[in-house]
Amino acid sequence: MRNPLSEKVVCIEPSGIRKFFDIVSEMKDAISLGVGEPDFDTPWHVREEGIYSLEKGCTFYTSNAGLKELRIEIAKYLNRRCNVSYDYNKEIMVTVGGSEAIDLALRAMLDPGDEVLIPMPSFVSYLPCVTLADGVPVVIELKEEDEFKLTRQELLDSITEKTKVLILPFPNNPTGAIMTRGDLADIVDVIIEKDLFVITDEIYSELTYNGEHVTIASFPGMKERCVLINGFSKSYAMTGWRLGYAAAPALILQQMLKIHQFAIMSAPTTSQYAAVEALRNGDKDVEEMREAYNQRRRFLIKALRDMGLEVFEPFGAFYVFPSIKQFGMTSDEFAEKLLEEEKVAVVPGTAFGACGEGFLRISYAYSVEDLKKALEKIEKFVNRHKKQ
Amino acid sequence: MREKILKVLDKNGRVTPEDLAVMLDLDVETVIKEIKAMEEERIICGYPTLINWDKTECERVTALIEVKVTPQRGLGFDKIAERIYKFDQVQSVSLISGSFDLCVMIEGRNMREVSSFVSEKLAPLESVLSTSTNFILKKYKEHGLELTDEGNKDERMLITP
């Protein structure tokens with residue numbers, strides 16, 4: 001029998017997070033701070049709208065690009081919150097989570113050999129998706145001293161003649177780093193001058209804690225170079241609904257839509273009806289959740305610093321990314337020992353790229369009470385293993 | 001700042017000033033001072049615990065009573081409301097717009113206790129025109145919190161990207 005498998009696929013390493021998940025799931029009584037999704041339930045009025053759509057019998061495909069009402073609401077939202085205007089008819093499509101949009105954007109833009117810049121540590125999908133789209137991933141290792149922001153110099157140093165796309169994953173999972181207007185202004189002219197395109201993954205945009213989120217697509221001359229990706233998972237606590245979207249110039253979006261049309265057809269209809277309600281009447285929910293996350297964020301940072309851990313202050317998403325270099329253990333060793341000895345699960349930084357070595361991702365998508373319980377145990381562990 | 005403190009305490013009266021200070025990025029002294037001031041101004045009137053009595057051995061009956069009254073000249077509804085809310089059995093009294101005037105919540109050990117309170121204490125009051133007693137059969141949600149057993153479980157996978 002011939003080898004049934006594609007070498008390209010076989011060569012892709014399974015996600016580091018998967019490995020750790022297998023270890024954790026065997027421990028029944030583990031406390032986890034390892035989750036990458038909100039602890040809130042989807043607001044009831046949003047769920048109720050989904051239920052109502054089912055009752056009415058809205059159980060058919062929608063158009064490939066998504067419900068018209070939803071695309072109109074997305075366009076309004078992007079205008080209101082991000083200060084960019086997109087034509088709902090030609091420049092917006094609804095996808096199965098932000099993840100699908102990442103895949104579509106890469107497949108629509110890459111030819112074999114095109115280089116894609118991926119700042120890391122970052123979400124686990126970018127690298128394999130680039131490989132699957134026949135692109136060449138080029139990792140930019142972000143540094144703690146820059147608060148894990150992408151700097152102009154790092155960008156310049158990584159660009160070659162083959163560079164076509166830059167992925168911009170901010171607010172960032174796992175570091176919690178954000179790019180402010182000033183930080184973005186620093187790199188915009190490089191992007192334009194070097195004729196790059198940007199996939200800006202802004203799934204955590206609503207979870208920004210020191211002022212408004214700024215999208216790079218709102219800079220002059222950038223909209224035509226950007227695929228803006230966002231979704232409902234994080235901002236409206238809708239992970240299980242699998243709903244995201246992409247906004248991009250028609251030239252790019254229409255090709256993404258073509259792939260989506262053949263691979264997916266359309267995003268789940270129930271989820272789309274619920275999402276219309278979320279965008280129309282959900283601002284207050286988002287604000288309340290953001291405030292709750294922000295309180296926990298402050299709480300967690302203070303507690304970790306009090307233990308003597310080095311933590312830079314992250315202003316986005318719901319993660320902190322403390323350094324554990326002082327313990328003389330790798331991230332994997334630290335995380336596994338912490339799980340073994342105190343039954344607390346956190347994610348080793350290396351799950352998000354080799355440059356995550358020496359760090360842990362701790363999520364604060366938990367109540368303050370839960371955080372306290374876990375922190376007590378982490379403190380015990382830290383005190384026991386601290387180098388004298 | 002007060003609003004932020006109150007919003008947290010409204011959900012959880014047991015949060016310590018130390019935790020509040022960290023969560024809201026304030027200093028502890030300020031938080032303690034503000035809470036004390038709000039207690040004195042009767043903005044914060046107490047810190048009771050939300051209990052689902054149905055799950056205990058204690059016998060308790062709650063009734064919601066719609067009361068129609070004649071307001072008194074110069075005093076409006078306040079005087080008659082006071083006459084009513086001073087009774088220990090009365091859990092809450094609110095002035096209501098609509099077809100009746102006062103919404104009174106009564107708590108007793110059994111139905112007899114509640115009904116005798118209504119017939120002996122409440123209904124005979126001079127300004128009370130009529131009462132209509134509704135016994136509460138089951139409480140589902142109170143103070144924004146669901147009293148059911150579900151809904152509190154974390155259904156998420158332990159580790160996700």
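In what follows, chains are A, B, ... by sequence order, proteins preceding strands, each numbered from 1.
- Formation of a donor-acceptor pair under 3.5 Å by the B:Thr56 side chain with backbone atoms of B:Cys58 is found in this model.
- A salt bridge is absent between B:Lys138 and B:Asp54: the closest approach of a Lys/Arg side-chain nitrogen to an acidic carboxylate oxygen does not fall below 4.0 angstrom.
- Using a 4.5 Å cut-off between heavy atoms, A:Phe299 contacts chain B through both its backbone and its side chain.
- The most heavy-atom pairs under 4.5 Å with chain B, out of A:Arg296, A:Arg18, A:Glu37, A:Lys302, come from A:Glu37.
- If you check the side chains of A:Tyr126 and A:Asp201, you find a donor sitting under 3.5 Å from an acceptor.
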Practice problem: Kindly indicate, with the supporting measurements, whether the criterion ring pair (Phe, Tyr, Trp, His ring centres under 6.0 Å) is fulfilled by A:Phe359 and A:Phe312. | Solution: CA-CA 11 Å; A:Phe359 298 91; A:Phe312 87 99; 8.4 Å; no
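- Looking only at distances, a side-chain donor or acceptor of A:Asn230 sits under 3.5 Å from a matching main-chain atom of A:Glu202.
- Counted by atom type alone, A:Asp39 and A:Ser367 present zero donor-acceptor pairs between their side chains at under 3.5 Å.
- Residue contact with chain B, scored on non-hydrogen atoms closer than 4.5 Å, is absent for A:Arg297.
- Under 3.5 Å, the side chains of A:Glu357 and A:Thr350 contain no donor-acceptor pair of N or O atoms.
- If you measure heavy-atom distances from A:Glu288 to chain B, you find no contacts under 4.5 Å at all.
- Residue A:Ala292 does not touch chain B at all, counting heavy-atom pairs closer than 4.5 Å.
- Using a 4.5 Å cut-off between heavy atoms, A:Val35 touches chain B through backbone and side chain atoms alike.
- Ring pair A:Tyr293/A:Tyr364 is perpendicular by interplanar angle, where above 60° counts as perpendicular and below 30° as parallel.
- Contacts of residues 7-37 of chain B with chain A at a heavy-atom distance below 4.5 Å involve B:Val8, B:Asn12, B:Asp19, B:Val22, B:Met23, B:Leu24, B:Asp25, listed in sequence order.
- Of the residues considered (A:Arg361, A:Gln295, A:Lys372, A:Glu369), A:Gln295 shows the highest number of contacts with chain B, using heavy-atom pairs under 4.5 Å.
- Between the side chains of B:Tyr47 and B:Glu39, at least one donor N or O sits under 3.5 Å from an acceptor N or O.
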